[in-house]
Each structure stands twice: as C-alpha cells, then as structure tokens.
Amino acid sequence: MSDEKKLTTRAADFSAWYNDLVLRAELADYSPVRGCMVIRPDGYGIWERMQRALDDMFKATGHRNAYFPLFIPQSYLQREAQHVEGFAPETAVVTHGGGKLLEEPLVVRPTSETIIYAMFAKWVQSYRDLPLLINQWANVVRWEMRTRLFLRTLEFLWQEGHTAHATHDEAEAEARQMLGVYRQFMESWMAMPVVTGRKTDAERFAGALRTYSCEAMMQDNKALQAGTSHNLGQNFAKVFDLKFQTESGGTDFAWNTSWGASTRLIGGLVMTHGDDNGLRVPPKLAPTEAVVVPIWRTDEEKSRVLGAAHALRTELTGRVRVHIDARDTMKPGAKYYEWELRGVPVRIELGPRDLDKSQAVLVRRDTRVKQPVALDHLAADLEALLITIQDEMLTAARKRREEHSVRGAITYDAFRQLMEGEGAFVYAGWCGDAACEAAIKDDTKATIRVLPDEEFRSPEAPRTCLKCGRPSTSEAVWAKAY
RNA sequence: CGGGGCGUAGCGUAGCCUGGUAUCGCGCCUGCUUUGGGAGCAGGAGGUCACCGGUUCAAAUCCGGUCGCCCCGACCA
C-alpha cells in the first residue's frame, strides 16, 4: 500500500494529522483569502445536523430566531468599555461603500451584543415585554493572527443567543440553563464529554459579569472551549439604555445573557473521535449513518446484489439515513477505505455469498468490528447498533478524558512537567489571585479552563494553591488550550 | 508582527548547487481483463515551473524584488 494514501498518524504529528484529515475527508478547504475556509458539503452536512439539534433545543426552551445585520456602527462597539477593549483589536472595518468614504465606519460584527441590545431597547418598555429570548444563526468575523481550519478562522458560522430579563437571578438561571443545553448537546449528540464551570476574570467574556464554559479534551490532551454562556448583568443595558417599567411602577435596566457555539464544534468532533484511518462521526450527527457497499463479479450478481441493496434502502427509509455506493469504477476494498476516511458510522457489506445466506455484514466504523446480520431483521439490528455506537463513542471519549485527568496533591514541578509533556486536565487548588494564574500561564502556557461545577469537583477539595501554596479558595481545572 | 518552512500538472514530488525547455508516484481519460480490504495491463490527456524585473545566445535553475500559503510563538470561539 502506498503511504500517500494514508493519513499522517496522530502520534507522528497531531497537528498535521488534523489538517490532513479535514482536507482529505473533504470537510473543508482553504480559501484564496488567508485565514478563511470553505466548508464543503461533507463538513456542512454535519453542521446542518448540529444546527437542527441545537435549534430544536433552543426552541424547546422558549427562544425564537431572528436576524440582525452584519454591519455595526463603529460607535456601538465602543460604548461598553471592556467590550471595546476585548474586540476592537480584532475587527474588520468597512470604510468605503459605493466608492465613497463612509461618514462612520462600519464594523463587521465580531459578535452582536451591541446591535442586538440597541434594538432590544426599542422593543422593551415594560416588565411584560420580558423575558425577551432571541437567537440568531450568523457568520461573524474576528481578525485573528493565527488561524486553523474550523478551530479559528477569520470568519466563522455560529449561533448567538441574546436574552433580556427583569432580574439578575432570572438572567443567571438563563445563562446556566443554556450552558446545560450545550452540555446536553455535546454529550448526547456529539458524544463529546465536557467539563462545565465558571471562567476566571482573566478568561471572562469582555463585558460580562460571569462567563460559563463547556471544556472538552482533545486527543492531544489539550482543552477546547466548546461553548460559552454569559451573564452580562446590566452592563450592556446601561450603555444602550435598555430599560423597562417594573411591576411596581419604577424603572430598571434589563439583565442580559448571551451564549454561543460555532463551527469550531466540527473541529472538536474531529479531534475527539478521529483516528488514524480518518473521521468517526457519531451516528446522530452523521449525514449518512450507513453506507451499503455492494459486491459483485458478474452482471447477474450485480443486478441481484443491487436489487437487494435497493430493497434494503426502501425498508430503511425514514428510519436510517443510508447511501448505496454503486460505483463500478472502484473495488469494494477501496470503498471501505474511503468511507472509513469519511467517518460513516456503519458499513453494510452485501455480496452474493451474503444473499445466499439471506444476510449482510455490518461493520462498525468506531471499532471496525464486523458482524453478520440476517436481512429480515437488519433494520432493527442496525437501529440498535447505531444507538450502541453513539453510546460507546461517548463512553470511550469520557474514559480517555479521565485517563488524562489528574486530581489530588501535585507539586508545581510535576505539574509543569506534565504540561510540557503529554498534557492533561489538572484539577488543583487556586488561591483566587490573578497573579498566580498569569504566572502559570507565562510559565507553562496552561490556563484555568474553568472553576468546575460541583459534579466535576474532586471528592476532597484541594487545600492549597498550585502555584503559591496559600489556601485554596476554589478548585480549578488547568490545561493547555486551543 | 517575530522565527522556521514551502510555492514545479488536480494532489504529492524530482530537477536548482554545476543554466540547454521538466522527473516520478497518486489521481484523471479510453480499452480489455477485474471486483469479499486501497486491481492489472496497454494507450492517452494534462505545465504561462507563484509573480515582476535583471544577467545570458539560452533561466524552473543564477541575481534583485514582490506576493501567497503552512508550521511554531504572542492574541483568541
């Protein structure tokens, strides 16, 4: 076998493996513009399924979709002090339109808080108008210095939820609820386990009171921030004059939340589940859940096998998303490799010998285990198998994460060695001082990913700070991150 | 923006030091034989050698410049 048909292995060069896989599996391609990417049909198909699942969850929690413009007056972005500081350096600015210099430059949205809350201010007068629960699916632009396919591109697709509430507690509950929605999606759809928790001030969203995050561990043991949810307090309401009359007749500024997840999730999917043979897509997100590879020698066998394949597809319609690979220019073996690269969860091998026995062979992409299945209950068996695969992918990913998570007393030297070496999620104490956090980042590149939520904390709370040895005020998850 | 690497056919490359009109593999097209883990044989198509300028009888090759991309770092979903 020629080496150029193989992917770079993860062990040889994780970064090269990732690029190789994304390009070869045809998820995306580089565009003529630096830092931008084209999302190809196989990549976009996964995104569409992600969108559908998330959108259903947003609707189920009372949100409605709307769309706000791409262009934001530059002055809007400058109104909230922390927000400007956070985003001004990475905006693309339109200075000309129709060949003329604009009176006020327009910023291509890096995120839409400013324009959305400016609009909310027009729409909200009374506590009866609250809560206002809006989501938008959009593209945003952030002029990053260094880009990577899906993980960080100048333009990316995402959804951003924006809500307004009458009280702090309601906003807080909303921010937490949406973090839970993300977690639910990432675990049950993406089979990607996450640690949830609160961000430190250093990692907090520019302009937020509190930021919550879902952090996933990639196969190189680095963390990927997969989704964030912010309690914005009244910061934006105050600068955009988003006020309402309270039930008792007074006025108050609204309390906002915002939350987002992006096409970065596709990168997370690749780095969570991909292997040296290619992509592995969890069944629930796979545009094609099963591919039939028919096998034949003679024309007679060909028509017999394809006939059976079509009958199978008819039976599976509405139950399993299935594709028949009837190309006669490739041998079955070549097709196996191709569909493994593309990550289709189950392959159905169907040949004359199978038909003689009224069976087909199901091959799992995740484990590559083969099993013959009688044709008369293939549909039911396949459905069950897809559920098993979905479950076991999550279990396997969680096991890997736990194997690379370190809890309990650890010396700073041991921690540093770990971060310089194979990496890990290290659960350790933190004194709460931003200086310790910054010193560790300078030293090791590791950051506090989250101050984990209760269920992720260690049975015994750490007593001292990883860095300075003073009493710990909260447990922190440290890791290098994308 | 700093450091490193690279631009030659759709993709990956050889050739560059030591100038003479481009090599090989994959892929693609045609035909025949094939088809249960990356098919074989035969024939064929496909190139302004990133761009601009210079040196030279002659430049992928030497010289000067420009642009682009990738990787590592600072920044970040």
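Since the structure is predicted, the reported quantities are computational estimates derived from the model, not experimental observations. Note that these values count all heavy atoms, side chains included, but never hydrogens, waters or copies made by symmetry. We name chains A, B, ... by the order of the sequence lines, and we start the count at 1 in each one.
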*asked:* Using the salt bridge (Lys or Arg N to Asp or Glu O under 4.0 Å) criterion, which residues pair with A/R297? Sequence neighbours excluded.
replied: none
_Suppose we screen for salt bridge (Lys or Arg N to Asp or Glu O under 4.0 Å). Which residues come up paired with A/R40, at least two apart in sequence or across chains?_
A/E26
Pairwise [atom1] distance, [M] and [N] [rounded to whole Å]:
N: B/C62; M: B/C49; atom1: P; result: 16 Å
N: B/G19; M: B/A58; atom1: P; result: 15 Å
N: B/U48; M: B/C11; atom1: P; result: 12 Å
N: B/A9; M: B/G47; atom1: C1'; result: 5 Å
N: B/A60; M: B/C51; atom1: P; result: 10 Å

What nucleotide among [options] has an atom nearest to a side-chain atom of [X]?
X: A/Y337; options: B/G36, B/G38, B/U35; result: B/G38
X: A/A334; options: B/A39, B/A77, B/G37; result: B/A39
X: A/K445; options: B/G36, B/G37, B/A74; result: B/A74
X: A/E144; options: B/G38, B/C75, B/A74; result: B/C75
X: A/P352; options: B/G36, B/A77, B/G38; result: B/G36
X: A/F156; options: B/G38, B/A77, B/U35; result: B/A77
X: A/V361; options: B/A77, B/G37, B/G36; result: B/G36
X: A/P332; options: B/C75, B/G37, B/U35; result: B/U35

*Smallest separation among heavy atoms of A/E172 and A/N231, with atom names*: OE1-ND2, 2.7 Å
*Could you name each residue pair satisfying salt bridge (charged side-chain N to carboxylate O under 4.0 Å, His left out) that touches residues 8-20 of chain A, not counting sequence neighbours?*
A/R10-A/D276
Donor-acceptor pairs under 3.5 angstrom involving side-chain atoms of residues 192-206 of chain A: please list them, not counting sequence neighbours.
residue: A/T196; atom: OG1; partner: A/D453; partner atom: OD2; Å: 2.6
residue: A/K199; atom: NZ; partner: A/E215; partner atom: OE2; Å: 2.8
residue: A/K199; atom: NZ; partner: A/Q225; partner atom: OE1; Å: 2.9
residue: A/K199; atom: NZ; partner: A/R449; partner atom: O; Å: 2.9
residue: A/T200; atom: OG1; partner: A/E437; partner atom: OE2; Å: 2.4
residue: A/D201; atom: OD1; partner: A/R204; partner atom: NE; Å: 3.4
residue: A/R204; atom: NH1; partner: A/A208; partner atom: O; Å: 2.6

*Between B/G36 and A/K331, is there an OP1 or OP2 to side-chain N/O distance shorter than 4.0 Å?*
yes
*Hey, does the side chain of A/R353 come within less than 4.0 Å of B/G36's phosphate (OP1/OP2), counting only N and O?*
no
*From A/R313 CZ over to A/I324 CD1, what is the distance, rounded to the nearest 0.5 angstrom?*
4.0 Å
_Base-paired stems that RNA chain B participates in, counting runs of 3 or more Watson-Crick or G-U pairs under 3.5 Å_ = B:1-7 with B:67-73, B:10-12 with B:24-26, B:28-33 with B:39-44, B:50-54 with B:62-66
_With hydrogens left out and only the distance checked, is there a donor-acceptor pair under 3.5 Å joining A/E338's side chain and the base of B/G37?_
no
*asked:* Let's test your reading of the model: under 3.5 Å, does the base of B/G36 pair with the side chain of A/K370 as donor and acceptor?
replied: no
*Assign a letter to each nucleotide of nucleotides 66-71 of chain B from its 5' end: B, base within under 4.0 Å of a protein heavy atom; S, sugar-phosphate only; -, no contact.*
---SSS
_Qualifying residue, where the test is ring pair (Phe, Tyr, Trp, His ring centres under 6.0 Å) with A/H162 and the options are A/F240, A/Y117, A/F58_ = A/Y117
